[in-house]
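Nothing fancy with the numbering, it's 1 onward along the sequence.
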Amino acid sequence: MFGNRNTRGAADDDGYTRVDVAPMTAADAVFPRAVPALQRMPEPILRYDKRIAFGDWWAGRVDRPLVRELAGVDSRPADPPLRTHRLQTLQHCFLHQVERERLSTVAMIASIDDRLSSLYRELEIRATEIVRAQDRVAQLGGETPTASPRSTAENFESEAERMARRLREHDRTLAAADGQLASHRSAEGDVHREIAVLHTDRTAHWSALLVRVQHSCEFYNRRANTYLRAAFARSVAATRSVETSSISPPSWANAQSIPAAPAASDRAGGPVQ
């Protein structure tokens with residue numbers, strides 16, 4: 001389930017994945033702060049096998065007197081919510097698992113934010129360079145070449161020859177300035193595009209985390225429901241639905257809780273369409 005890592009591997013006969021971790025150091029990585037998260041071994045697949053199911057069923061059978069005393073023999077399991085040792089253990093295991101995933105995701109997002117901050121500073125530099133290049137192009141465009149001789153040799157040339165040479169030189173200088181301006185604008189566009197990709201990446205990391213939290217919550221709720229069905233067996237409550245969400249997701253498990261991205265400076269240019 002939690003195998004979204006920088007790893008490669010092949011499935012063995014038992015269905016588990018053999019993982020070979022690619023060596024990586026902070027010097028080799030694009031995002032040095034994310035190296036520990038990227039090199040972390042994948043979490044095992046969440047499988048509700050017979051051994052785990054039997055343990056949950058047996059715990060419910062053992063806790064049957066306690067559960068009926070807490071909930072009331074005619075009560076639904078979720079009214080009021082039960083807090084037995086088994087349910088609390090499942091809740092704690094779930095929270096521990098998803099918190100580990102959250103810390104890993106936050107580390108990757110933080111490394112992306114470091115890159116975003118660098119790109120925003122680069123945008124400010126690019127904006128300054130573009131202004132200078134625009135001023136240079138405007139200055140050259142307003143200049144009018146003259147045919148005055150600049151050397152002794154030019155005294156032996158006609159004014160038309162000197163003017164033609166001046167115009168060619170001016171055109172080459174203006175073309176070079178235009179090319180430099182276009183280069184700065186292209187570089188600024190590349191920065192904007194990378195920023196857009198990084199914003200998409202950080203949102204995708206958080207969305208993947210929320211999916212993993214949802215799957216994990218469903219897994220532990222399935223275990224809790226097995227426990228409750230065994231605890232309420234052969235009671236009045238057994239004739240009713242015992243499916244309930246005993247395991248609650250953490251408060252941060254929503255799209256709005258993603259860490260805030262670094263803000264762009266007001267001096268940076270607008271996005272490239």
>> For the backbone of Ser248 and the side chain of Gln91, can you confirm whether one donor and one acceptor N or O come within less than 3.5 Å of each other?
In response: yes
>> Restricting to non-hydrogen atoms, name the atom on Ala224 and the atom on Ile247 that form the minimum distance, rounded to 0.1 Å.
In response: CB-CG1, 4.3 Å
> Which pair of non-hydrogen atoms, one from Pro249 and one from Val213, has the smallest distance, and what is that distance?
Replying inline: CB-CG1, 4.5 Å
Show me the side-chain donor-acceptor pairs of residues 167-178 shorter than 3.5 Å, one per line, residues at least two apart or across chains.
{"from": "Glu169", "atom 1": "OE1", "to": "Arg150", "atom 2": "NH1", "distance (Å)": "3.4"}
{"from": "His170", "atom 1": "NE2", "to": "Leu140", "atom 2": "O", "distance (Å)": "2.7"}
{"from": "Thr173", "atom 1": "OG1", "to": "Glu169", "atom 2": "O", "distance (Å)": "3.0"}

> Any idea which heavy atoms bring Arg202 and Pro259 closest together, and the distance?
Replying inline: NH2-O, 2.9 Å
> Distance from Ser183 atom OG to Arg126 atom CZ, nearest 0.5 Å?
Replying inline: 7.0 Å
>> Closer than 3.5 angstrom, by distance alone: can the side chain of Asp113 be matched with the main-chain N or O of Pro262 as a donor-acceptor pair?
In response: no
> With side chains defined as the heavy atoms from C-beta onward, is the minimum distance between Leu209 and Arg212 less than 4.5 Å?
Replying inline: yes
> Looking only at heavy atoms, which two atoms of Asp63 and Arg86 are closest? And how far apart?
Replying inline: OD2-CB, 4.1 Å
> Sub-3.5 Å donor-acceptor pair from the side chain of Arg115 to the main-chain atoms of Glu194, do we have one?
Replying inline: no
>> Quick test of your reading of the model: are Arg132 and Glu129 salt-bridged, counting only N-O distances below 4.0 Å?
In response: no
> With sequence neighbours left out, what residues match Arg121 under side chain to side chain contact (heavy atoms under 4.5 Å, CB included)?
Replying inline: Ser117, Ser118
> Looking at Ala233 and Arg64, what are the two nearest heavy atoms and their distance?
Replying inline: CB-NH2, 3.8 Å
>> Please determine whether residues Ile109 and Trp252 belong to a single hydrophobic cluster, defined as Ile, Leu, Val, Met, Phe, Trp and Tyr linked transitively by side-chain heavy-atom distances below 4.5 Å.
In response: yes
> Is Tyr48 reachable from Tyr220 through a run of hydrophobic residues whose side-chain heavy atoms are each under 4.5 Å from the next?
Replying inline: yes
> Do Glu143 and Gln139 have side chains that get closer than 4.5 Å, going by heavy atoms?
Replying inline: yes
> Can you check whether His85's main-chain N or O pairs, donor with acceptor, with Thr89's side chain at less than 3.5 Å?
Replying inline: yes
>> For Arg102, give me all partners under salt bridge (charged side-chain N to carboxylate O under 4.0 Å, His left out), at least two apart in sequence or on another chain.
In response: Glu99
> Can you check side chain to side chain contact (heavy atoms under 4.5 Å, CB included) on Asn221 and Phe94, steps first, answer last?
Replying inline: CA-CA 10 Å; Asn221 269 313; Phe94 164 69; over 6 Å; no
> Transitively linked via ILVMFWY side-chain contacts under 4.5 Å: Trp58 with Leu87?
Replying inline: no
> How many angstroms lie between CG in Leu90 and CG in Leu95, if you round to the nearest 0.5 Å?
Replying inline: 11.0 Å
>> Using side-chain heavy atoms (C-beta onward) and a distance below 4.5 Å, is Gln134 in contact with Arg185?
In response: yes
> Say you draw a straight line from CZ of Arg193 to CG of Leu119; how long is it, rounded to the nearest 0.5 Å?
Replying inline: 12.5 Å
> Is there a chain of hydrophobic side chains (I, L, V, M, F, W, Y, each step under 4.5 Å between heavy atoms) that links Val106 to Leu210?
Replying inline: yes
> With hydrophobic residues grouped by side-chain heavy-atom distances under 4.5 Å, do Leu198 and Leu123 end up in a single group?
Replying inline: yes
>> Rounded at 0.5 Å granularity, tell me how far CG in Leu228 sits from OG1 in Thr84.
In response: 7.5 Å
> Of all heavy-atom pairs between Leu46 and Ser216, which one has the smallest distance, and what is that distance?
Replying inline: CD1-CA, 3.8 Å
> Is Ile258 close to His205 at the side-chain level, that is, under 4.5 Å between some pair of heavy atoms?
Replying inline: no
>> Contact between Tyr227 and Arg223 at the side-chain level, heavy atoms closer than 4.5 Å - yes or no?
In response: no
>> Parallel, tilted or perpendicular, judged at 30° and 60°: which one describes the rings of His199 and Tyr120?
In response: tilted
>> Nearest 0.5 Å, please: how far is CD in Gln180 from NE2 in His184?
In response: 4.0 Å
> Can you list the steps and then say if Ile52 with Arg47 is a side chain to side chain contact (heavy atoms under 4.5 Å, CB included)?
Replying inline: CA-CA 9 Å; Ile52 298 177; Arg47 286 181 173 148; over 6 Å; no
